[in-house]
Amino acid sequence: KIYGAAMGDSELVMYYNTALLEQAGITAEDLFGNVDGEHRISWEKLVETAKEIQAKVDPDGSQGIIGIEFQQVGRTYQMNVLANDRGGANIAEGGLSVDGVINSAPWIEALTWYQQQVNDGVFSKGIAAGDTSSICREEAPFLQAPPLSLEEKDRYFIPERGESGSALEHGQKALDLVLSRGFGPHGLLYTGAGDWNDGMDRVGGESVWLTWFFAHTAARFAALMERLGKTGGAVYADASAQCIRAAERAWDGGWYLRGWWHDGAPLGAAGASACAIDSTVQSWAAFCPCADRSRVRTALRFCSERLYDEAHGLTKLFTPPFGDGGRDPGYIRACGPGFRENGGQYTHGAVWLASALLKEGFTDLGANMLLDLMPARHTAAQWAAEPYVLAADVSANPDHYGEALWSWYTGSAGWFFRVVLEDLLGIRLRDGRLIAEPRLPAGWEGYEADICGRKVRVRRGKVTIT
């Protein structure tokens, strides 16, 4: 059962564990019996209830069990839900073993189904040279709804289905929408209500990250259109080149700025009290082939020095985090300093940075950063989550340093798998052929991998595919 709650500007839901409530002698009726449109449960009452549950089931507080959790409404459809639906458990007794959990029949069935969707191309990572163009011809309906008004920040609704278009047309409309919004005074795309870090919803101004991201996407889309014999791709190629020139002007001497605030002040500048250096903008600059390679490598070195805590295996998204004082970037501050997108380790960002390092030849550093994302690199007491799945984020807050948050995050797991497979092991398709161009760290003599019915063997630089 779920009850709505609000925290800062973020719509959240509160989950509670009925079994733990019962252990503490509390019923859901006791807690929520008089909650309706006019009466709300107080925060003090929630804290009191959580303490009662902990006193009963976790008296020394060593496990951090309180029986109540807040999560965002828009959380992704996570993989554990598939197994739960088939009767699988989320965690083994004691919480530290995979036995009887991910090797149980419900989990095997769920994960086999998920893998089949990948194999069948239902979950696609994009179109590469040599791939069939059939997916570009697949049709799907457009979703329709009135644009947000000037007074609206967001809207929860059920959209209507409109006319259908091909996957290629869907992509074109997305790029055209970005271009229709225009460019800011620095020639960059607007941040709007937040770019990738949607918690920065009151920054406004312009986004260097979004500009790099669009430049990368538009250039690849233009190449795809040319390969398919479609006209109109030059518009996207020209826009990509324009964005790259503007993003290069955001160089701050050691790394690229994150963007500009709505009043024209820089965001992500050296010496700033918050977000002085942000990893995502440096990583996506690295992913753009036309970015200045010398600058990219300099920026990655600074990221490694200032964001990667190698001793504890933690990579911060940016530093310093936003606190109570200073400028208000948006609801990101509701996370608290060092949590989630507010200067913690957000695993998407950490994977991107590791990928950028591998691509730019910082092989040992990139591989170590990537492998530090695995729970096996951390003690169970510090990790404080399931030791066999990746977490969306890891806390960099001094009071909870190194604690995993929001585990079972399939988005992070998907990016991790792709970067390990393609950027570390070097396994990918090129012109329809399976190839291996590994970037292995010192001390790795090679590896063996079975993929799509083929065996890849790398030994002391020699690659064999059978």
Side-chain angles (χ1 to χ4, degrees), residues 196-197 199-200 209 212-213 254-256 258 268 270 274-287 296-322 332 335-379 382-385 387 389-407 409 411-420 422-424 439 441:
W196 175 79
N197 197 331
M200 294 184 179
W209 173 84
W212 280 123
F213 179 78
W255 53 84
Y256 293 99
R258 184 63 172 78
C275 193
I277 179 172
D278 183 292
S279 74
T280 58
V281 65
Q282 322 309 327
S283 298
W284 280 88
F287 298 156
V296 164
R297 291 175 63 81
T298 297
L300 293 178
R301 289 190 189 96
F302 275 112
C303 278
S304 302
E305 293 170 6
R306 304 193 180 197
L307 300 177
Y308 181 36
D309 179 356
E310 190 169 5
H312 297 93
L314 188 148
T315 304
K316 300 173 185 176
L317 187 64
F318 62 77
T319 196
F322 291 99
I332 187 173
C335 298
F339 291 108
R340 304 201 61 198
E341 294 100 324
N342 191 10
Q345 174 182 290
Y346 204 89
T347 304
H348 277 61
V351 171
W352 290 340
L353 183 55
S355 174
L357 288 165
L358 287 167
K359 291 176 186 294
E360 290 299 317
F362 299 100
T363 308
D364 289 357
L365 187 58
N368 201 48
M369 183 181 293
L370 191 62
L371 297 178
D372 273 343
L373 301 177
M374 299 179 66
R377 287 278 187 115
H378 307 268
T379 65
Q382 186 64 57
W383 187 249
V389 290
L390 290 187
D393 35 81
V394 179
S395 172
N397 183 281
D399 295 332
H400 300 274
Y401 203 84
E403 292 183 14
L405 307 167
W406 201 351
S407 55
Y409 200 57
S412 295
W415 270 107
F416 178 84
F417 176 79
R418 179 177 178 181
V419 171
V420 168
E422 296 187 359
D423 297 334
L424 182 64
R439 301 180 180 95

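Remember, predicted model here, so these are calculated numbers, not experimental data.
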*Asks:* Please name all residues satisfying salt bridge (Lys or Arg N to Asp or Glu O under 4.0 Å) with Arg301, sequence neighbours left out, ordered by chain then number.
*Replies:* none

*Asks:* Testing the basics here: between Met369 and Ala354, what is the closest heavy-atom pair and its distance to 0.1 Å?
*Replies:* SD-N, 3.8 Å

*Asks:* Show the numbers, then the answer: is there a side-chain contact (heavy atoms from CB on, under 4.5 Å) between Leu358 and Thr363?
*Replies:* CA-CA 5 Å; Leu358 287 167; Thr363 308; 4.3 Å; yes

*Asks:* Starting at CZ of Phe416, measure out to CG of Leu370 and round the result to the nearest 0.5 Å.
*Replies:* 4.5 Å

*Asks:* Under the salt bridge (Lys or Arg N to Asp or Glu O under 4.0 Å) rule, collect the residues that match up with Asp278, sequence neighbours excluded.
*Replies:* Arg258

*Asks:* Could you tell me the separation between the CZ atom of Phe362 and the CZ atom of Arg297, rounded to the nearest 0.5 Å?
*Replies:*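 One gets 4.0 Å once the value is rounded to the nearest 0.5 Å.
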
*Asks:* In Å, rounded to the nearest 0.5 Å, how long is the span from CD1 of Ile332 to CZ of Arg340?
*Replies:* 10.0 Å

*Asks:* Kindly indicate whether the side chain of Thr280, heavy atoms from C-beta on, has any atom under 4.5 Å from the side chain of Asn197.
*Replies:*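 No, every pair of side-chain atoms sits at 4.5 Å or beyond.
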
*Asks:* Do Ser355 and Phe287 make a side-chain contact, defined as non-hydrogen atoms from C-beta onward lying under 4.5 Å apart?
*Replies:*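 Heavy-atom side-chain distance check passes, below 4.5 Å.
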
*Asks:* Rounded to the nearest 0.5 Å, what separation is found between the CG atom of Leu353 and the CG atom of Leu300?
*Replies:* 6.5 Å

*Asks:* Return the minimal non-hydrogen interatomic distance between Tyr256 and Val281, and the atom names on each side.
*Replies:* O-CG1, 3.6 Å

*Asks:* Can we say Lys359 and Asp423 salt-bridge, meaning some charged N sits less than 4.0 Å from an Asp/Glu carboxylate O?
*Replies:*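 Answer for the salt bridge query: yes.
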
*Asks:* To check you understand the geometry: which heavy-atom pair defines the closest contact between Gly366 and Leu357, and what is its length?
*Replies:*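 Taking every non-hydrogen atom into account, CA-CB, 3.8 Å.
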
*Asks:* Of all heavy-atom pairs between Ala350 and Gln345, which one has the smallest distance, and what is that distance?
*Replies:*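 Smallest heavy-atom distance, with atoms named: CB-CG, 4.1 Å.
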
*Asks:* Is the shortest side-chain heavy-atom distance between Leu424 and Pro441 below 4.5 Å?
*Replies:*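 SC-SC contact between Leu424 and Pro441 confirmed.
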
*Asks:* Considering non-hydrogen atoms only, spot the tightest contact between Ser304 and Leu365 and give its length.
*Replies:*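 Looking at all heavy atoms of both residues, the shortest contact is OG-CD2, 3.1 Å.
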
*Asks:* Side chains of Thr319 and Ile277, heavy atoms from C-beta outward: is any pair under 4.5 Å?
*Replies:* yes

*Asks:* I'd like to know whether Asp393 forms a side-chain contact (heavy atoms from CB on, under 4.5 Å) with Trp406, so could you lay out the CA-CA distance, the side-chain angles of the two residues, the decisive distance to 0.1 Å, and finally the verdict.
*Replies:* CA-CA 7 Å; Asp393 35 81; Trp406 201 351; 4.3 Å; yes

*Asks:* To the nearest 0.5 angstrom, please state how far the CD atom of Glu403 sits from the CG atom of Asn397.
*Replies:*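 It is 9.0 Å, given to the nearest 0.5 Å.
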
*Asks:* Test Asn368 against Tyr308 for side-chain hydrogen bond (donor to acceptor under 3.5 Å, both in side chains), laying out the working first.
*Replies:* CA-CA 10 Å; Asn368 201 48; Tyr308 181 36; 3.0 Å; yes

*Asks:* Main chain of Gly336, side chain of Asn342: is a donor-acceptor contact present, judged purely on distance under 3.5 Å?
*Replies:* yes

*Asks:* Can you tell me how far apart CD (Glu422) and CZ (Arg439) are? Round to the nearest 0.5 Å.
*Replies:* 9.5 Å

*Asks:* Any side-chain heavy atom of Trp209 sitting closer than 4.5 Å to one from Met200?
*Replies:* no

*Asks:* Going through the checks in order, is the side-chain contact (heavy atoms from CB on, under 4.5 Å) test met by Leu405 and Ser395?
*Replies:* CA-CA 7 Å; Leu405 307 167; Ser395 172; 4.2 Å; yes

*Asks:* Using modelled atom types only, decide if a donor and an acceptor are shared between the side chain of His378 and the backbone of Leu373 within a distance under 3.5 Å.
*Replies:*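 No: the side chain of His378 does not pair with the backbone of Leu373.
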
*Asks:* Check each of Trp352, Trp284, Phe213 against Trp196 using the ring pair (Phe, Tyr, Trp, His ring centres under 6.0 Å) test, and report the only one that passes.
*Replies:*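 Going through the options one by one, the only one that passes is Trp352.
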
*Asks:* Taking C-beta and beyond as the side chain, do Ser407 and Leu390 meet within less than 4.5 Å on heavy atoms?
*Replies:*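 In short, these two side chains do not touch, never coming nearer than 4.5 Å.
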
*Asks:* So, for Cys275 and Phe322, which heavy atoms are closest and what is the spacing to 0.1 Å?
*Replies:*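 Smallest interatomic distance, heavy atoms only, reads CB-CZ, 3.8 Å.
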
*Asks:* Look at the side chain of Thr347 and the backbone N and O of Ala391, then say whether any donor-acceptor pair between them is shorter than 3.5 Å.
*Replies:*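 Side chain of Thr347 to backbone of Ala391, a donor-acceptor pair under 3.5 Å: yes, one is there.
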
